Amino acid sequence: MKNNFFKTVSFLIAILLIMTSVKLNVFAATNDILTINAEGTTEGVTVSGTTGSDVVAVVVEIFDSANTLVTMETYAVTSTAYSAEIEATLTAGSTYIAYVVNYDGSGESLETEFTVPVESTTTSTTEKDDNTEETTASTTEDESETTQTVTNSDGSSITFEGLDEDGDYTFTITDLTDPSDEVLAAMGLTAEEFEALVESAKTLVSDAGIYVGLFDMSLMFTATDGTEIDLSDEGPFTVVIPVSDELAAILAAYNTFKFVCLDMDENGNLVLGESTYVTATYDSTNKTLTATFPHFSAWALTVSNVTQPEEGDASSTGLMIALLVISLMAAVCSKKIKTRESEV
């Protein structure tokens, strides 16, 4: 009779483990990201797909080819489908990774690569007599616009859609990370006043990362008749910025770089400006930062380290929890069997 009892209990345990396993499999399936599609432009990316029935929201992350996080947002899931339209500054011709995971970390995640298309252009190059600045004009499919590239003698450069008229462009970039007395005087600030502004900036940009520098940029056009036009608000501008050896040493310790727009309100207080931040790419070999700005003003540089989650991490954690639950159930059942056996 005792043997029959043990056989019955063992059979029930086996059935329980099978049922638990089935439930776990169903749980994983209903919490999975099932499909993913991604298409990008220089102004953003659209990521869409389907999920299991228990997913109520997803986290969408965009990484560049160097595995640096470009942007991350959360979107609701409706009728097991999601569609995320994310504004981001992306580079034409570059490949990016779209990564989607259940917002609560459970289930299987998915990722896919996409490449930002490049417009077909024809290029002609002219060089100025003083050899300090080179301008490259590219005619796009729209004949009323020309793509201009201005390269300065310090290695900085800017690429943008120029005006359809003859004239000269002047791109100016000032590194305000450690300004000289002359620069401070031109700004009308004392060293103490500037330091106070920097402390305020550190607080304003803290959500994007650690403050490490400040740059001011502008773009001017001088027509043949001498008329000057400020184009600083006529972005987007793709800019290459050389960095000092001191700043390069700092950047080498991080993998994510963002410029945060700063402005002054009517009371003279430092505030976040329009288009809060843009993501930059750092070339450690040439010691340059590349970013596309929607407009020019003062932009604070921030750094941080962001690690892309490995695909399957969430599901692996879920499996470990499931195995722990099964082990505990088996232990409880075993204890009950031993107690029952001693009573008999």
Side-chain angles (χ1 to χ4, degrees), residues 42-44 69-73 86-90 150 152 156-163 169-221 228-244 247 250-251 254 256-282 289-304:
T42 55
E43 298 179 351
L69 180 67
V70 175
T71 186
M72 175 179 67
E73 295 187 19
I86 305 174
E87 292 184 2
T89 302
L90 306 181
V150 177
N152 295 327
S156 62
S157 68
I158 178 174
T159 301
F160 59 99
E161 296 299 323
L163 300 177
Y169 296 94
T170 303
F171 170 50
T172 303
I173 177 170
T174 305
D175 187 348
L176 298 176
T177 303
D178 186 17
S180 63
D181 291 339
E182 291 78 8
V183 172
L184 287 175
M187 296 170 62
L189 297 172
T190 65
E192 292 75 17
E193 290 172 335
F194 181 78
E195 185 60 32
L197 286 176
V198 169
E199 291 303 316
S200 178
K202 289 179 180 179
T203 301
L204 286 172
V205 306
S206 59
D207 287 345
I210 302 170
Y211 172 96
V212 294
L214 182 64
F215 296 84
D216 183 72
M217 291 169 278
S218 65
L219 179 66
M220 297 294 296
F221 174 76
E228 290 189 342
I229 303 174
D230 188 349
L231 300 178
S232 298
D233 290 331
E234 305 300 323
F237 309 112
T238 298
V239 178
V240 177
I241 305 173
V243 299
S244 65
L247 183 54
I250 297 174
L251 300 184
Y254 298 91
T256 302
F257 316 96
K258 294 179 181 179
F259 283 97
V260 182
C261 183
L262 297 177
D263 202 351
M264 288 282 188
D265 65 15
E266 58 185 12
N267 297 317
N269 299 314
L270 196 65
V271 295
L272 292 176
E274 296 180 4
S275 304
T276 308
Y277 70 81
V278 297
T279 302
T281 301
Y282 177 56
L289 286 161
T290 302
T292 300
F293 298 90
H295 57 81
F296 282 153
S297 61
W299 289 83
L301 175 62
T302 67
V303 295
S304 61

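Note that the structure is a prediction, hence the values are computed from the model and not measured.
- Residues passing the ring-ring contact (aromatic ring centres under 6.0 Å, His included) test with Tyr254: none are found, sequence neighbours excluded.
- For the atom pair CE (Met220) and CZ (Phe171), the distance works out to 14.0 Å, reported to the nearest 0.5 Å.
- Side-chain contact between Val239 and Phe160 is absent, with no heavy atoms from C-beta onward closer than 4.5 Å.
- For the atom pair CG of Asn152 and CD1 of Ile158, the computed distance is 9.0 Å after rounding to the nearest 0.5 Å.
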Please table the atom pairs, donor to acceptor, closer than 3.5 Å between any side-chain atom in residues 260-273 and protein atoms at least two apart or in another chain.
{"unit_1": "Asp265", "atom_1": "OD1", "unit_2": "Asn267", "atom_2": "N", "d": "2.9"}
{"unit_1": "Asp265", "atom_1": "OD1", "unit_2": "Gly268", "atom_2": "N", "d": "3.0"}
{"unit_1": "Asp265", "atom_1": "OD1", "unit_2": "Asn269", "atom_2": "N", "d": "2.7"}
{"unit_1": "Asp265", "atom_1": "OD2", "unit_2": "Asn269", "atom_2": "ND2", "d": "3.4"}

Would Met187 and Leu176 satisfy side chain to side chain contact (heavy atoms under 4.5 Å, CB included), going step by step from the backbone distance to the final call?
-> CA-CA 11 Å; Met187 296 170 62; Leu176 298 176; 3.9 Å; yes
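- Closest approach of Phe237 and His295 over heavy atoms only: CE1-CA, 4.1 Å.
- Using cut-offs of 30° and 60° on the angle between ring planes, the pair Tyr169 and Phe221 is tilted.
- With sequence neighbours excluded, the residues forming a ring-ring contact (aromatic ring centres under 6.0 Å, His included) with Phe293 are Phe259, Trp299, listed by chain and number.
- Atom CG of residue Leu231 and atom CD of residue Glu161 lie 12.0 Å apart, to the nearest 0.5 angstrom.
- Proximity of a side-chain donor or acceptor of Thr177 to a complementary backbone N or O of Leu214 within less than 3.5 Å is detected.
- Note that the CD1 atom of Ile241 and the CZ atom of Phe215 stand 5.5 Å from one another [nearest 0.5 Å].
- To the nearest 0.5 angstrom, Ile250 atom CD1 is 9.0 Å from Leu301 atom CG.
- Proximity of a side-chain donor or acceptor of Thr279 to a complementary backbone N or O of Val70 within less than 3.5 Å is detected.
- With sequence neighbours left out, Thr302 forms a side-chain hydrogen bond (donor to acceptor under 3.5 Å, both in side chains) with no residue at all.
- Closest approach of Ile173 and Ser156 over heavy atoms only: CG2-OG, 3.8 Å.
- Among residues at least two apart or in separate chains, salt bridge (charged side-chain N to carboxylate O under 4.0 Å, His left out) pairs with a member in residues 171-200 are Glu199-Lys202.
- Applying the side-chain hydrogen bond (donor to acceptor under 3.5 Å, both in side chains) rule to Thr71 yields no partners; only residues at least two apart in sequence or on another chain are considered.
- Rounding to the nearest 0.5 angstrom, the gap separating the CD1 atom in Ile210 from the OG1 atom in Thr256 is 11.0 Å.
- Inter-residue side-chain proximity for Leu251 and Val303 is flagged as met; some heavy-atom pair is nearer than 4.5 Å.
- Across Leu247 and Val212, no two heavy atoms sit closer than the pair CD1-O, 3.9 Å.
- Considering all non-hydrogen atoms of both residues, Val205 and Ala300 come closest at CG1-CB, 4.0 Å.
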